[in-house]
Protein chains: 2
Amino acid sequence: MLPDGDGFSLIREFRQHSDVPVLILSACDADDDRLLGLGLGADDYLTKPFLPRELILRINNILKRVYGSNQPALERDSLLLGDILIDFSSGLIHSGKTEKSLTAKEFAILKKLSENRGNIVTADSICQAAWEDGYYGYENTLMVHIRRLREKIEKDPSHPQYLLTVRGMGYKLAKDS
Amino acid sequence: MLPDGDGFSLIREFRQHSDVPVLILSACDADDDRLLGLGLGADDYLTKPFLPRELILRINNILKRVYGSNQPALERDSLLLGDILIDFSSGLIHSGKTEKSLTAKEFAILKKLSENRGNIVTADSICQAAWEDGYYGYENTLMVHIRRLREKIEKDPSHPQYLLTVRGMGYKLAKDS
DNA sequence: GATAAAATTAAGGTAAAAGTAAGGATAGCG
DNA sequence: CGCTATCCTTACTTTTACCTTAATTTTATC
């Protein structure tokens, strides 16, 4: 029903040259048409009326299959502080050309702060996140880890601009400026 | 509506371990069910009644996509570390003129790391990939295999430059430099 | 200026991983 | 059916990187 020919011959010809995925969106849901379309190598066949969301999902599924790499986005799992980038999936801190790595505790603490960036996080709740078991009596240890973190992410660890202390409450990660 | 649970949680769990294609054949064609199924990573969703021929066609299309000929199989299925090349399709390690081979467990472990190159992979998830059955209690064994792998792919196995340990978390394959 | 909170430092302890060797399983072959 | 070689697992000791402790100094707030 296209103005200059029918869709089926279009696909047939197209398929001879290309493997690019094809999804047919048709007004006819006659069984024969559907079978023909799929038989010619279309990846999917949807008939009107259809749910917009279903169309999106079907497209996504086809693309995932064709171009692979259905890896959960790693980009999102990172933290940008000024010109240094912390990548949690690799556990690395990139600043310019140099790379430092995070230890397990540093990782857990920074992750927790990162998840609540801009907000105060009490020492208690940081400990809770970093020490599964009885998270008390680690306040002092936490301080030492904070210091180490600052040495890794701050220009001047003694005058931090990102990992800030909130006296009497805990710490917080400065919101991006 | 399965005797021992619902199909959706089955798929959800299945998708965490496997990329094998899934086609849902359901009695319900409620829109919500269809969307949920596709959203969880099913490749297609057919409702009864359906034409047997359509089922066949849809299966064929999926299979073509997944296992089809448009795979640049070799490129994707190999790993280059410095000047040594690991070819997963043959299970061989080429370095210069010498060739070593990977054992089954070494293969599985290295594959898993290779698929997540640059990212930390927990010991648990490596075990999960290498030992289908109850993947607990293999941490020690895993270490021994890691050692063997290092002897095969590292210049100085005791000071690895590719297969790195992330203390307290797992291992990772260094990104190419 | 007093006081409590946090920073700083260095040393030591400790659990995680490395390393090694020997025993068991398994598959291939005669 | 047994033999052999290869691979996997277990068990144990050693090493090391990270974490913790503890004691002193600095800083912020009242």
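Labels below follow one simple rule: chain letters A, B, ... track the order of the sequence lines, proteins then strands, and each chain is numbered from 1.
Under a 4.0 Å N-O distance rule, the pair Asp156(A)/Arg150(A) does not qualify as a salt bridge. A salt bridge links Glu106(B) with Lys152(B): the closest approach of a Lys/Arg side-chain nitrogen to an acidic carboxylate oxygen falls below 4.0 angstrom.
The distance from atom OH of Tyr136(B) to atom C1' of dT9(D) is 17 Å, rounded to the nearest whole Å. A straight line from CD of Glu139(A) to C1' of dA6(C) spans 12 Å, rounded to a whole angstrom. In this entry the distance linking NZ of Lys105(A) with P of dA17(D) reads 18 Å, nearest Å. Computed from coordinates, the Ile146(B) CD1 to dT9(D) P distance equals 13 Å when rounded to whole Å. Going from atom CZ of Phe107(B) over to atom C1' of dC8(D) covers 17 Å, rounded to whole Å.
Within the 3.5 Å criterion, the main-chain N or O of Ala123(A) finds no donor-acceptor partner in the side chain of Glu139(A). Looking only at distances, no side-chain donor or acceptor of Asp43(A) sits under 3.5 Å from a matching main-chain atom of Leu23(A). Panel note: side chain Arg58(B), backbone Asp44(B); no donor-acceptor pair is recorded below 3.5 Å.
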- Item | Pair His94(A)-Ile84(A), side-chain contact (heavy atoms from CB on, under 4.5 Å): steps then yes or no | CA-CA 6 Å; His94(A) 304 270; Ile84(A) 77 171; over 6 Å; no

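Contacts between residues 152-170 of chain B and DNA chain D, counted as heavy-atom distances below 4.0 Å, involve Arg167(B). Of the residues in residues 121-132 of chain A, those lying under 4.0 Å from DNA chain D by heavy-atom distance are Trp131(A).
Between Ser101(B) and Asn140(A), the residue anchored nearer the 5' end of DNA chain D, judged by the nucleotide with its closest heavy atom, is Ser101(B).
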- Message: Across nucleotides 22-28 of chain C, 5' to 3', mark each nucleotide with B, S or - according to how protein heavy atoms within less than 4.0 Å reach it.
- Response: -------

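At the heavy-atom level, Thr141(B) lies under 4.0 Å from base atoms of the strands shown.
Of all non-hydrogen atoms in Lys172(A) and Ile120(A), the two that sit nearest each other are CB-CA, 3.9 Å.
For Met143(B), whose side chain is taken as the heavy atoms from C-beta onward, the closest listed nucleotide among dT10(D), dC19(D), dA18(C) is dA18(C).
Between Asp124(A) and Thr122(A), the side chains place no donor N or O within less than 3.5 Å of an acceptor N or O (distance only, hydrogens not considered).
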